[in-house]
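Remarks on the structure that follows.
Read the numbers this way: they start at 1 and go in the same order the structure lists the ligands and their atoms.
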Amino acid sequence: MNALTDITGHCLCGAVNLSAQVKNHDVDACHCSMCRRWTSGPLLVISVDGAIRFEGVENIGVYKSSEWGWRAFCKICGTSLYWHMSGTDHYAVSAGMLDDPSKLVFTTEIFVDEKPAYYAFANDTKKMTGEEVVAAFAAADNEGKGQNV
Ligand SMILES: [Zn+2]
Ligand SMILES: [Zn+2]
């Protein structure tokens, strides 16, 4: 049984607040070129599979960055809020938004094949190429909705 725990967070200016439930506190870093262009660094996220409750929805802008998903941001301060996989209830929420980062565990780095040479994390993480990530998402899709990868 997976016990769900609550997370809360907000953007830099406070115009967008969110709350959601998570299965774990694992953090993934994405090194892909889109995430790096979006945030000026790797995107560090926590997975939410299910509904996210927002306050300040009118301040959220969304941008379809690829056939895979949408990126949301605060229209006022520009904080990167989440990546949402098209056609699913899977959200990768910016770990930096969380009010309490104390439980977060940095576990995985994805799109390591797109990571530029000028930085590297010292954390001991699982590393996946873009190809491996796409394969894992496809496998999870075959097992049915709500499966995490
Ligand atoms: Zn904001
Ligand atoms: Zn990425």
Side-chain angles (χ1 to χ4, degrees), residues 6-101 104-142 145-149:
D6 295 316
I7 56 167
T8 61
H10 62 274
C11 68
L12 181 59
C13 75
V16 178
N17 282 264
L18 67 78
S19 59
Q21 292 192 310
V22 292
K23 291 176 190 161
N24 59 54
H25 290 83
D26 293 354
V27 170
D28 298 344
C30 183
H31 298 288
C32 85
S33 61
M34 286 190 289
C35 285
R36 286 185 291 104
R37 187 152 275 122
W38 195 36
T39 65
S40 190
L43 180 63
L44 291 143
V45 294
I46 182 168
S47 289
V48 173
D49 290 287
I52 300 178
R53 294 185 351 171
F54 292 102
E55 286 170 40
V57 172
E58 67 277 11
N59 299 314
I60 299 176
V62 291
Y63 170 68
K64 192 175 194 330
S65 57
S66 74
E67 61 177 307
W68 294 98
W70 298 77
R71 292 170 190 265
F73 52 92
C74 174
K75 289 184 198 169
I76 297 170
C77 68
T79 293
S80 302
L81 303 174
Y82 62 82
W83 179 83
H84 177 205
M85 184 184 278
S86 294
T88 74
D89 59 0
H90 177 73
Y91 295 82
V93 173
S94 291
M97 286 183 70
L98 298 196
D99 296 319
D100 176 14
L104 298 178
V105 183
F106 185 21
T107 59
T108 310
E109 295 179 59
I110 65 172
F111 285 85
V112 289
D113 48 322
E114 293 190 27
K115 187 185 81 60
Y118 71 86
Y119 70 81
F121 289 115
N123 304 65
D124 183 17
T125 57
K126 178 182 177 185
K127 294 178 177 61
M128 301 172 74
T129 64
E131 201 173 324
E132 289 167 341
V133 171
V134 170
F137 274 130
D141 214 29
N142 289 337
K145 287 234 159 87
Q147 287 288 327
N148 209 343
V149 288

Are [X] and [Y] side-chain neighbours, meaning at least one heavy-atom pair lies under 4.5 Å?
X	Y	value
P116	R36	yes
W83	S65	yes
C30	E114	no
D26	S47	no

We want to know whether H90 and D49 form a side-chain donor-acceptor pair, criterion being a heavy-atom distance below 3.5 angstrom. yes
Nearest 0.5 Å, what's the CH2-NE2 distance between W68 and H84? 14.0 Å
Heavy-atom closest contact (A15 atom, C74 atom, distance): CB-SG, 4.4 Å
Which heavy atom of M97 sits nearest a heavy atom of L18, and at what distance? CE-CD2, 3.6 Å
Only protein N/O/S atoms count here: give how many lie under 2.8 Å from the Zn ion (ligand 1). 4
When you check the space around the Zn ion (ligand 2), which protein N, O or S atoms turn up under 2.8 Å? C30 SG, C32 SG, C35 SG
Within the side chain of H31, is there an N or O that forms a donor-acceptor pair under 3.5 Å with the backbone of C35? no
